[in-house]
Amino acid sequence: MKRLVIALALLLSGCGIQATGAVPMGPAPTFVPRGATSGATPTELVLFFVVDGRVQGVARPSDGRSLLSNSLTLLTKGPDSEERKRGLVTFLPTSGGLVGYEVVNSMLTITLSFPLKGVPPVGLSQISCTALTALNSTGSGNIRPDVVTLTGADGATMQRGCDG
């Protein structure tokens, strides 16, 4: 009983911390997919390739064109020779490419020139992670930051987040 009285007294007395109003702490956190050391910047693209079965972000210089379309175009070309030397590979068809993309109801849809059937989940994550990182760097806050809808040339459609 004595313990209950002490616990109740402590509960009612509070902790001594005074309430404050909102304290400005800078911009809200941004989405950076697992495997990226940071989001892309206007002078940098982050492409996601695969090493040891997991997606990993690789920074490349940007030529100033749209980060999203440029990133996806370069992604479909695969890792460059230096990246291949470091063990990075792609699970995407390197003969394929981006046909287009659009945002509808806060959802990004990417249309690809190759069929989705046969592309393993880690390959689909390469696309989603690259796209979400590019959008994050442009401050596209009206787009859902955790999933992308992919549409293949075979008509298959699926949603994919950045995991892998």
All side-chain hydrogen bond (donor to acceptor under 3.5 Å, both in side chains) counterparts of Thr111, not counting sequence neighbours: none
Closest contact, heavy atoms only, Val51 versus Gly87: CG2-O, 3.8 Å
Partner residues of Ala156 under the side-chain contact (heavy atoms from CB on, under 4.5 Å) criterion, sequence neighbours left out: Leu116, Asp154
Gln126 side-chain N/O to Thr90 backbone N/O, donor-acceptor pair under 3.5 Å: no
Heavy-atom closest pair, residues Phe91 and Gly123: CB-CA, 3.8 Å
Approximate separation, where rounding is to 0.5 Å, of Leu132 CG and Leu68 CG: 9.0 Å
Atom of Phe48, atom of Leu75 and distance for their closest heavy-atom approach: O-CD1, 3.1 Å
From Ile110 atom CD1 to Ser69 atom OG, the distance as rounded to the nearest 0.5 Å: 11.0 Å
Partner set under salt bridge (charged side-chain N to carboxylate O under 4.0 Å, His left out) for Lys85, not counting sequence neighbours: Glu82
From Thr151 atom OG1 to Leu112 atom CG, the distance as rounded to the nearest 0.5 Å: 7.5 Å
Heavy-atom donor-acceptor pair, Thr133 side chain to Val46 backbone, under 3.5 Å: no
Minimum heavy-atom distance between Val122 and Arg160, given as atom pair plus value: N-NH2, 4.5 Å
Atom pair CG (Leu47) and CG (Leu72), whose distance is rounded to the nearest 0.5 Å: 9.0 Å
Val148 vs Tyr101 side-chain heavy atoms within contact, under 4.5 Å: no
Rounded distance [0.5 Å steps], CZ in Phe49 versus OG1 in Thr130: 7.0 Å
OG-CG distance between Ser128 and Leu108, expressed to the nearest 0.5 angstrom: 8.5 Å
Exercise: identify the closest heavy-atom pair between Arg60 and Gly78: NH2-O, 3.3 Å
Main-chain N/O of Pro79 paired to Arg84 side chain as donor or acceptor, under 3.5 Å: yes
